[in-house]
Every structure is written in structure tokens, then in C-alpha cells.
2 protein chains.
Amino acid sequence: MGINERKEREKEVLQKSILTAAREVFLEKGFDQTSIRSIAQKIEYSPTTIYLYYKDKDAILFALHSEGFQLLASKMEVLNLVENPLERIKAMGRVYIRFAMEHPDYYDLMFVQKSPMNKLDEDHEVWQEGMSTFDGLKFSVQQCMEQGYLPFNDVEAGSYLLWATLHGMCNLYDRGRCKVLDEEKSEQIVDLAFAEFLKMLDAFGR
Amino acid sequence: MGINERKEREKEVLQKSILTAAREVFLEKGFDQTSIRSIAQKIEYSPTTIYLYYKDKDAILFALHSEGFQLLASKMEVLNLVENPLERIKAMGRVYIRFAMEHPDYYDLMFVQKSPMNKLDEDHEVWQEGMSTFDGLKFSVQQCMEQGYLPFNDVEAGSYLLWATLHGMCNLYDRGRCKVLDEEKSEQIVDLAFAEFLKMLDAFGR
DNA sequence: CAAATATACTTAACACTGTTAAGTTTCCAA
DNA sequence: TTGGAAACTTAACAGTGTTAAGTATATTTG
């Protein structure tokens, strides 16, 4: 009989509407203001109902974190069109920074907050979302090394270095550490620093 | 009469013992567990007494953040012995990473957490601690540019780039994003990436 | 068809958090 | 000795994540 299946579907609907509400609160009010109670209020259920569909708050944040990676991956798709691996890495950097600037909350959840990572530790799972994205970078770095565009010894270490450079620029900016510069310059520092970054990369691009 | 002066001194003593207790809790239990009540318990005063000596929690965290910068500055002192500006920058990087690894909580407070920065926004002050440290980097970058060690257009942008690179490596590591690598490699990734970083710097060191 | 059970959801509560207003104690000066 | 200022505490507010227990509702079973 299809009753159980109908119920299954109904459960899925509520699970998804919880996630939708969580996303709305998260994007409107930010990480700190995303509480179980505020999500519950949005879907007009009691706070405890949420625990029947998600193990805890971290599970919800992990789901949102995964959404962020899907969004980033979609932005990265255009990079397949770039033939030259060094140019592809440069373009990746532009996409990455643009993503961090346009979706600072998603970015924070994906690369800074500890909450979503707790879920992995509990379930002894691997960080698929992060690994897939990093694989994309590694692929291009590998090509660059083979073609003499980059002087790294180790693909993973080199990829991590490039990633960290962009992450550092975005994170310091997001966390207000650009205050080491005057206000005018603060606003454009990420773009300025990225320009210097490209300069360094080009020094090897023969 | 010296009574008022004695009282002044006593107030200062309590203010400092609050900060000491805050530091102890912070270093023992971490940022999240550093609550007003836990600090109060340590000094055996009521939680509200703390508000007679510090405006709010952010003010205490800012004070701890400043301590962190003092500690970092002391570790940076040895760099004055390094004559060559590029070598000095490399050594700065080593000191910076070592500091981040040995004092992850201080590092987080100084460069990641938003809390200490709120104090600046409220009081319309400048970030002296950050600026002083950044000035040290800018000085060496300027020298490197003059002597042809680094190809930057802009001293501040170049300095920010170098800072961001190290910060990114430390922050991604601290926030568990090294999980893109296998466990074995995760542990040494910062050192490995730093080695690649030095390689890139050396490419200009003629 | 009625009783028992399983499902879905809510209420109330616990143990916390930062912060403030009001009340109490302590101490010093007039 | 009394008045008042200063130092400190109590109680409370409004919020947090989370859990145990209770309540309807719907489904299955006798």
C-alpha cells in the first residue's frame, strides 16, 4: 500500500522545508542568529520537532555547507573552457574570490566555521565536498607542474599553498583585519593583492 | 591623603586579576568556554562585578588579544638580527607559523574572531596592535622591492598577500580544512606548503 | 467496531549564555 | 553617630541547544 510511501514523502517535505527555513534565516540574519528556535518559528513548528528530522544543529549547518559547495562548483564549471592550466588557475582564483565576496556567509560555513566539521568527526566520514573542490585545483596544479608553469615539489602542498593564499585574503578581509590599512585601501585590498598574486604566478609562466 | 590612591591601586589589582582569570580560562578551556561566569568563579566574585571593571565581554577579549600581540612581537624581535630583507621575511614567516601553532587560541583571537574588533568599531579607534605588526612586514617588503627581491607594484598589497598566504595556511589547518588531505599529510601540510612558499620567494631572490 | 499501539508533534524543563536594574553591604567623611 | 558614596551581590531578562515526558492523531490489531 502507498500510505507509508506517502508518509515518507511528507516527512521528506518537512525535512526540506526545515532546511529551506534554515537557509533563509542563515542568509538573512547570518550564522550567529541562526538558532533552532528561529528556524522553528519560520516553519511554524515547535523547536523540538526539528530534532526529529536533524540530529542536531551541526547537521543542519552541514547541510547548508554542502549547498554552498554545490553553488561554488556551479560557478567553477566555466573553468573547463580554459585550456591553459595556469590561466585556469588564475581564473579559479577570480571565481573563488568572487564567491567569497558575494556569499560571505556560505564561505564562512564552508571554510571557517568548525560546526559543520563536527558532523564528519562524529560519523567518521571524509570531507567529500572539500575533497572534490580541492581535486579540481590539484588537477590544474599538476598540469602546471608538468608544463613548467609552477616550481612546486609536491602537488598537494603546492595546491594547499595556492588555496591558502586566496583563503587568507578573503578571511582576513571578512574578519575586519584589513583595518591595518586605511579605509579607502581596505575596500580594494583583496583585488590589489590578487593582482600581485597573479604577478608572482606569471614569473614562472615563461 | 593617600586613601584614594590606595583604592585606585586596589581597583587596578582587581582589574588585573580579572584579566588573569580570563586568560587562564581562555587558555585552558578555549574561546567558546570563556564565559563571564567562569571568570567570575575563578576570582570568587559575582559575575556582575566584572562589569564594574570591563565594559563588556568584548573588552576583556580585546585585552587578551593585545596580550597575544605583545607575545608575537616578542617572538619577532630576533628578526632584527637578519640583515637580508628576503631572509628576514622568510624568518618572519617561520616565526608567524610557529606562533599560530603554539598559541592557536591567541592566534584565533588576534586574527580570526570578530569579538575583539567590535571594541574598535564602538570606540572609533584604530587597530594599533595589527598596524604595528603589519608595519614590520611592510618595512621588509619595501626593502625587498627596492633590492629587486620581490616583484610587487604596491608595498601594502604585496605585504597583505604574504600575510594572507601564511594566515590562510594556519587558519585552514586550525579549522580542520586539511581534511582534504589524508591524515598523515594533514599534520605536516603547513610545513610542506611553507616550503613551497619559500621556493616561490626564492625564484626572485636572484 | 472498539481497543491497543505506533507516529507525529508539543510542553516543560535543564543548564547554560551576556547583560542590566535594583538591592545590600562596606567604608569613609562630616 | 549619621549621611552618603563606593563596591559588590541578588535576581531577573531574554536568549541559546537539547532532552524527557506528555499529548494528540492516525493506524493496526483483536
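Chain letters run A, B, ... following the sequence lines, proteins first and then strands; every chain starts at 1.
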At 4.0 Å (heavy atoms only), tell me whether [X] reaches a base, stays on the sugar-phosphate, or touches nothing.
X       : result
B:Leu14 : sugar-phosphate
A:Ser46 : base
A:Tyr53 : sugar-phosphate
A:Ser35 : sugar-phosphate

Report the distance from atom [atom1] of [X] to atom [atom2] of [N], rounded to the nearest whole Å.
X       : N      : atom1 : atom2 : answer
A:Tyr51 : C:dA8  : OH    : P     : 19 Å
B:Asp56 : C:dT20 : CG    : P     : 8 Å
A:Gln41 : D:dA14 : CD    : P     : 15 Å
B:Ile36 : C:dA15 : CD1   : C1'   : 18 Å
A:Gln33 : D:dT16 : CD    : P     : 8 Å
B:Ile60 : C:dT19 : CD1   : P     : 9 Å
A:Lys11 : C:dA6  : NZ    : P     : 16 Å
B:Ile50 : C:dT19 : CD1   : P     : 11 Å

Quiz prompt | Heavy atoms from other residues, nucleotides or ligands near CD of B:Gln41 exceed 12 (cutoff 6.0 Å) | solution =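 Atom CD in B:Gln41 is not packed in, count stays at 12 or less.
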
Quiz item: Toward the 5' end of DNA chain D, which comes first, A:Ser38 or A:Thr48, by nearest nucleotide?
Solution: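 Its nearest nucleotide being more 5', the pick is A:Ser38.
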
Practice problem: Could you check which of C:dC9, D:dC8, C:dG18 has an atom nearest any side-chain atom of A:Leu52? | Solution: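 Of the candidates, C:dC9 comes closest.
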
Quiz item: In terms of side-chain heavy atoms of B:Lys57, which of D:dT16, C:dT17, D:dC8 is nearest?
Solution: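 Given the options D:dT16, C:dT17, D:dC8, the side chain of B:Lys57 is closest to C:dT17.
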
Quiz prompt | Check: A:Leu181 and B:Met131 side chains under 4.5 Å, non-hydrogen atoms | solution =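 Contact flag for B:Met131/A:Leu181 side chains = no.
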
Quiz prompt | Nearest-nucleotide 5' precedence on DNA chain C, B:Asp58 against A:Glu44 | solution =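 Looking at DNA chain C, the more 5' nearest nucleotide goes with A:Glu44.
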
Exercise. Check if the side chain of A:Arg37 and the base of D:dG17 share a donor-acceptor pair of N or O atoms closer than 3.5 Å.
Key: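 Such a pair is found, so the answer is yes.
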
Quiz item: Is any NZ, NE, NH1 or NH2 atom of the basic residue among A:Lys119 and A:Asp56 found under 4.0 Å from an Asp or Glu carboxylate oxygen of the other?
Solution: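 Salt bridge flag = no for A:Asp56 with A:Lys119.
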
Exercise. Classify the angle between the aromatic ring planes of B:Phe134 and B:Trp163 as parallel (below 30°), tilted (30 to 60°) or perpendicular (above 60°).
Key: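 Ring orientation of B:Phe134 relative to B:Trp163: tilted.
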
Practice problem: May I ask you to check whether A:Tyr96 and A:Tyr107 place their ring centres under 6.0 Å from each other? | Solution: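 That pair passes the under 6.0 Å test.
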
